[in-house]
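What follows is a set of notes on a single structure, which appears directly below.
Predicted model, so just to flag it, every value in this text is computed and none were measured. So that the names make sense, note that chain A is the first sequence line, chain B the second, and so on, each numbered from 1.
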Amino acid sequence: MRNLKILLVALTGVCAIVNGQNKQLLYDFSEIPQSLMVNPGVESSFEWYAGIPLLSGISFQAGSSGITAFDLFANDGLDINDKIRDRALNGMTPRDDLSGTYQVEILSGGYRSKYHPENFYSFGIYNEGDAIGYWFKDLAILAVDGNADMLGRRFDLSHLKTRGELLTVYHFGINKQVNRNLTIGARAKLYNSILNFSSTGNDGFFVTTEGQNNILANTLNADLELRTSGLNEIRDILRDDTADRAAELSSLLTKRAIFSGNFGFGVDLGFTYKLSEQTVLTGSLLDVGFVYHSSDTRVVSLKGNATVEGVEVILPDALLDPGQDFYQNLIDDIENLIPFENVEKSYITFRPTKLNASIRHDFGEPVLRRQDCDCNYKTGSSRDLGYKYTNSAGAHLYVINRPRGPQAALTAFYQRRFGNIMSLKAAYTVDKYSFTNVGLGISIQAGPVNMYAMADNLLAYRNIADSHYASFQLGLNIISFGKK
Amino acid sequence: MVYKTKYIVYGILSSMKNFRKYFAVVILLFGLISSCTEDLDFDQADDIAITPTIEGGLVYVEAPEFLINQVASGTNFYSQEFNFDAFNANFFAERVLDGIITYEVENTTSKSLTIDVELLDEAGNVLDTEAFTVDPAPTAVLVRQITYGPSGRSIDIIKNTSGIRVSATNLGDNMSTSSIEPQKIILRSSAKFRMELVK
């Protein structure tokens, strides 16, 4: 029980310090190489770049659309059980979620084709974790209040909806400037799933009614399934009292991070299109792909329908076999009607696909590019990238495919460039987590060294424990813009 | 390659001056967003109490009047001992706080009857007995609630119950038949218990 409380505190604590999936500040921030990861068709002006291993791209985001740590653990003199009832049980809906994402680039780099300078290739390896759990409202009410005095109240089992994964991604992308107005890009991804859990298609209900014979009847109509991969070996290590758990877990995760046996493929697509010299339309579709899980898998299910009114003895039929075990027969009947299965079975999961789209208007003084400009790539070694301008402003739409359907965010942004050395971006985002999300990003180009840092929902930092959403991204790269 | 390496080193060194300037700007900007947090008390987690109350059907027994008529007056016409491990299962027994067992006895036979319900431990010892005597039909449904826990009988009775014995005796004649449908003696029961899931 103590562990349950610690878990509760940890979960709410985590949701207080992080949140999000959206990289609206990084998106179309073309001074940063990692912008290629959110739009492979971004306008890239690099000759080559090399990310500092493990430091080139670090992002961490998490969020809770329901309650925060402050809602439950504020030192306000209120009874915590009342707060749980008012703010969680009665205050949240099954659409509220707790979600988190992190990404760490292990290696990343890119180079421009010597013979086709309109092509820029980028590649790398990154590690990613992503999880979301929706508020299982009816199951929580059942656990806290029970089913007593709730005749006819259906507890909806479909409220149980969660998924998560940890994977290593190997990727290679091409970014091609088709002409002065259009740049397109695509990235191929090989997914190596370290671990995965998914329980998203649940359905059914539990209800207590007046019995046909007895006073009460409990009915369970269940269509529940949990699919996992990569968790059994971890569980075995954790259960082994004789094992050096830390060392064995580290060894196992390292091994699975390189080669887990659960692979998948995916693509990212993107484009940048100039509607005019100063107005730009962009779009990208990320992680259109799947993972096939066949190693260390487990599929646990509970499917069926049963109504129980207790042990029933109906005479004189029951006298035919007076020695029968009525209670055990009842248990057996339930198990036959709602079989619990735990099998090793392969399965496929689809990646949470993300859609980005933006429109940007550039204005102010043109900023001198670092590389040669106004040279057609067909006749020279450099490309015609047009001008960058001191100011950019626009709007960005982000949509991610989640178990309860698409989840969207809308951003208005303003970007200010200070020569070729520094660029600042401010954004205001509206999504299910926050209506007051103001974010700030900065990219500094100090010679060949590029450093960037971004953070979201800055206003919530006044009381971070009460924040529904927070995220940050940072990184360090070496960039060459070619000969001037 | 040599040129590129020199370019990088030179770039890093030559930009150190600028870097300091811009680093100061970065520090300033992110200093602005340095976070605060109001007072939290995570010790409140120790006060979390999750005590659901669950309920469901317990035992249902029905006997038709023609079966009762097959034994002599004053004779036990039915006695059955059931295995019932739901109460002493660890998950339940370790968490149950208190509760109520509700019995309903419906008699539509022409006889006066007694029904005894006994809760038994694993060795077959009687932990608790509830006796019902009902008048011949027409008679109201007899409803009785037995409380277990601090305000009633010991909750240990429930925790140690491993079986239930139901016995029924005919106190009337063995000739007559009631005109009231369904001409049966019926015992219904349900259990409602409060459990401490988190303590």
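Atom CG of A:Asp76 and atom CD of B:Gln44 lie 6.5 Å apart (nearest 0.5 Å). Taken to the nearest 0.5 Å, the CD atom of B:Glu62 stands 9.0 Å off from the CG atom of A:Asp317. The CG atom of A:Asn463 sits 7.0 Å away from the CG atom of B:Leu40 when rounded to the nearest 0.5 Å. Atoms OH and CG, on A:Tyr327 and B:Asn83 in that order, are 7.5 Å from each other to the nearest 0.5 Å. To the nearest 0.5 Å, atoms CG (A:Leu315) and CD (B:Gln80) are separated by 8.0 Å.
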Q.
I'd like to know whether B:Ile48 forms a side-chain contact (heavy atoms from CB on, under 4.5 Å) with A:Ile84, so could you lay out the CA-CA distance, the side-chain angles of the two residues, the decisive distance to 0.1 Å, and finally the verdict.
A. CA-CA 9 Å; B:Ile48 294 174; A:Ile84 289 173; 4.0 Å; yes

Q: Please step through side-chain contact (heavy atoms from CB on, under 4.5 Å) for the pair A:Asn213 and B:Arg188, ending with a clear verdict.
A: CA-CA 8 Å; A:Asn213 291 328; B:Arg188 301 184 182 92; 5.9 Å; no

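Environment of CD in B:Gln70: crowded, with over 12 heavy atoms of neighbouring residues, nucleotides or ligands closer than 6.0 Å. Dense packing is recorded around CD of A:Gln328, with more than 12 heavy atoms of other residues, nucleotides or ligands lying under 6.0 Å away.
Using a 4.5 Å cut-off between heavy atoms, B:Ala86 touches chain A through backbone and side chain atoms alike. At a 4.5 Å heavy-atom cutoff, the contact between A:Val144 and chain B is made by backbone and side-chain atoms alike. Contact of B:Phe193 with chain A is not made at all, since no heavy-atom distance falls under 4.5 Å. For chain B, the nearby parts of A:Asn214 are the backbone and the side chain; heavy atoms of each come within less than 4.5 Å.
What you find for B:Pro64 and A:Pro316 is that their closest heavy atoms are CG-CD, 4.0 Å. Taking all atoms of both residues into account, the shortest heavy-atom contact from B:Glu55 to A:Met150 is OE2-N, 4.5 Å.
Annotation: maximal heavy-atom pairing with chain A below 4.5 Å, among B:Ile164, B:Val61, B:Leu187, occurs at B:Val61. When the candidates A:Asp79, A:Ile141, A:Asp149, A:Leu319 are compared by the number of heavy-atom contacts under 4.5 Å with chain B, A:Asp149 comes out ahead. If you tally non-hydrogen atom pairs under 4.5 Å between each of B:Thr51, B:Ile54, B:Asp85 and chain A, the highest count goes to B:Asp85. With respect to chain B, the highest number of heavy-atom pairs below 4.5 Å among A:Val313, A:Leu142, A:Asn218 belongs to A:Val313. Between chain B and the residues A:Gly310, A:Ala318, A:Gly146, A:Ala148, the largest count of heavy-atom pairs under 4.5 Å involves A:Ala148.
A side-chain contact (heavy atoms from CB on, under 4.5 Å) with A:Ile80 is found for one member of B:Asp41, B:Asp47, B:Asp46 and no other, namely B:Asp47.
The ring of A:Phe326 has its center closer than 6.0 angstrom to the ring center of B:Phe82.
Residues B:Thr102 and A:Ile215 have side chains in contact (heavy-atom distance under 4.5 Å, counting atoms from C-beta outward).
Without hydrogens or angle criteria, A:Glu312 side chain to B:Tyr60 main chain gives no donor-acceptor distance under 3.5 Å.
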